[in-house]
Amino acid sequence: MTSSPAARPAARGPAPAADAGARPNPAALLAWYDRHRRRLPWRAEPGKRSDPYHVFLSEIMLQQTTVKAVGPYFGAFLARWPTVSHLSAAPLEEVLSAWAGLGYYARARNLHACAKAVVARHGGRFPRDEAALLDLPGIGPYTAAAIAAIAFDAKASPVDGNIERVVSRLYAVDTPLPKGKAAIKAHAAALTPHARPGDFAQAMMDLGATICTPKSPACSLCPWMAPCVARAQGDPARYPVKAPKGEKPRREGVAFLAVRADGAVLLRTRPDKGLLAKMTEVPSTPWGGKPERPEDHAPLAAVWRPLPGTVEHVFTHFALTLAVLRADLPAGTPAPADHRWVRPQAFDAEALPSVMRKVLAHGRVG
DNA sequence: AATACGTGGCT
DNA sequence: TAGCCAAGTAT
């Protein structure tokens, strides 16, 4: 349940400021933003509107991904594909290899599909309409609202993890997420001003990223300290309340590192759907709860020797332990069906996810 | 509604 | 260290 800032007196914690109970003032947040606005590669100069393509590209990359991780990828994509038309004309394989290492690879496939759709449906220009944006591949409720607000200054209210945290504290929303998201979205929409909705959205996100942080929020620096109910309660870090998470299972497998005399390594492309879809991999047994018999899955007949140690990798929903078997093959050994020999100099052109780079590094290949 | 889907940094 | 967290979406 939620309570309005005015409805609940401070039960404990520090004494409320003189104007506690006041409605959070959007203008106060915008004034804070004007003073503390972060400079980010995809952000326009103050007072200017961002290129919708830049907003789109950055928002897709920033989904569940830190600003620091996105930085170099954003620059590389923009240099390689300066417009949505360039991106739409690129081969998917190139987009996937450029995305390799960023994670959530469905984003890269959808990014490419979205670029094609923007060209096909909208003549190469992003629609301003939130509903039309939502209809594009890879663009969900958050991203549609973010593009509408930031690129077009439309009165839209994107709600990301930062804004969830800020709003849940402001109103002390104690319904555990994800159920509590509905109330949070309603509060966020009601808060959004007609003036500068794009800056307001970015201000909320900056506030969450720099002041209203998950642990030990810097309330004393917050422009909304006074009206914040969680602050008045004395334990703002309690919010947002989240439903408990399930156990993370462990899976294991065996990877086959076949190295030819010229240094080439045997690789293949993963299936079209599921984990790491269409990405490049070192051949391996299936990854399951119990170990498979490696000899049933070796890509070719050879003397397979175990490498000491294992490769550990944690995915969102399971942890993986990979043993690595290595075989050295003579020059001229043909690649089995659906496999290919790739020299380390060509690894950068491959869509190698981090887990596979770990396997290659473990075998001191590449 | 619940689950699948990556990765790296921080505590 | 083991878990939590980051500008979520698709199914």
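Just so it is clear: chains get the letters A, B, ... in the order the sequence lines come, proteins before strands, and each one is counted from 1.
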In whole angstroms, how far is the P atom of C:dC5 from the CG atom of A:Leu62? 19 Å
Using a cut-off of strictly less than 4.0 Å, decide whether A:His317 has a side-chain nitrogen or oxygen near OP1 or OP2 of B:dC5. yes
A:Met356 CE to B:dG6 C1', in whole Å, measures 12 Å
Can you tell me how far P of C:dA10 sits from CG of A:Leu136, to the nearest Å? 10 Å
Assess, by modelled atom type and distance only, whether the side chains of A:Thr213 and A:Arg165 contain a donor and an acceptor separated by less than 3.5 Å. no
Per nearest nucleotide of DNA chain C, the residue lying toward the 5' end, A:Gly138 or A:Asp160, is A:Asp160
Taking atom C1' in both B:dA1 and C:dA10, what distance in whole Å separates the two? 14 Å
Between the protein and nucleotides 7-11 of chain B, list the N/O to N/O atom pairs that are separated by less than 3.5 angstrom.
residue: B:dT7; atom: OP1; partner: A:Tyr105; partner atom: OH; Å: 2.7
residue: B:dT7; atom: OP1; partner: A:Ser354; partner atom: N; Å: 2.7
residue: B:dT7; atom: OP2; partner: A:His313; partner atom: NE2; Å: 2.7
residue: B:dT7; atom: O3'; partner: A:Ser354; partner atom: OG; Å: 3.1
residue: B:dG8; atom: OP1; partner: A:Ser354; partner atom: OG; Å: 3.1

note: A:Gln63, atom CD; C:dG8, atom C1'; distance rounded to Å ~ 5 Å
What is the nucleic acid contact for A:Thr143, judged by heavy atoms within less than 4.0 Å: base, sugar-phosphate only, or nothing? sugar-phosphate
A:His54 and A:Phe74 aromatic ring geometry - parallel, tilted or perpendicular at 30°/60° bounds: perpendicular
Of A:Arg38 and A:Leu134, the one whose nearest nucleotide on DNA chain C sits closer to the 5' end is A:Arg38
Residue pair A:Gln63 / A:Tyr142, side-chain donor-acceptor N/O under 3.5 Å: no
Would you mind reading off the distance between A:Phe318 atom CZ and B:dT3 atom P, rounded to a whole angstrom? 16 Å
Who are the salt bridge (charged side-chain N to carboxylate O under 4.0 Å, His left out) partners of A:Lys181, not counting sequence neighbours? A:Glu164
Charged tip of A:Arg169 within 45° of A:Tyr239 ring normal and under 6.0 Å: no
Taking CZ from A:Arg251 and P from B:dG6, how many angstroms apart are they, rounded to a whole number? 12 Å
With no hydrogens and no angle check, do the side chains of A:Thr321 and A:Glu252 hold a donor and an acceptor under 3.5 Å apart? no
Scan A:Pro158 against the nucleic acid and name what it touches under 4.0 Å (heavy atoms): base, sugar-phosphate only, or nothing. nothing
Whole-Å distance separating the NZ atom of A:Lys245 from the C1' atom of C:dC5: 7 Å
Flag yes if more than 12 heavy atoms outside A:Arg305 fall under 6.0 Å of its CZ atom; otherwise flag no. no
Give the rounded distance in Å between these two atoms: CD of A:Glu312 and P of C:dT1. 11 Å
Show your working on ring-ring contact (aromatic ring centres under 6.0 Å, His included) between A:Trp304 and A:Phe256 and close with a plain yes or no. CA-CA 8 Å; A:Trp304 293 102; A:Phe256 300 96; 5.2 Å; yes
So what does A:Arg43 touch, heavy atoms closer than 4.0 Å: a base, only the sugar-phosphate, or nothing? base
Could you work out which one of C:dT9, C:dC5, B:dG6 sits closest to the side chain of A:Leu275? B:dG6
Taking the P atom of each, how far is B:dG6 from C:dT11, in whole Å? 14 Å
Does A:Gly246 reach a base, just sugar-phosphate, or nothing at all? Heavy atoms under 4.0 Å. nothing
Using a cut-off of 4.0 Å on non-hydrogen atoms, how would the nucleic acid contact of A:Trp99 be classed: base, sugar-phosphate, or nothing? nothing
Using a 4.0 Å heavy-atom cut-off across all strands, classify A:Ile139 as base, sugar-phosphate, or nothing. sugar-phosphate
When you measure from the side-chain N and O atoms of A:Arg107 to the phosphate of C:dA10, is any distance below 4.0 Å, counting only OP1 and OP2? no
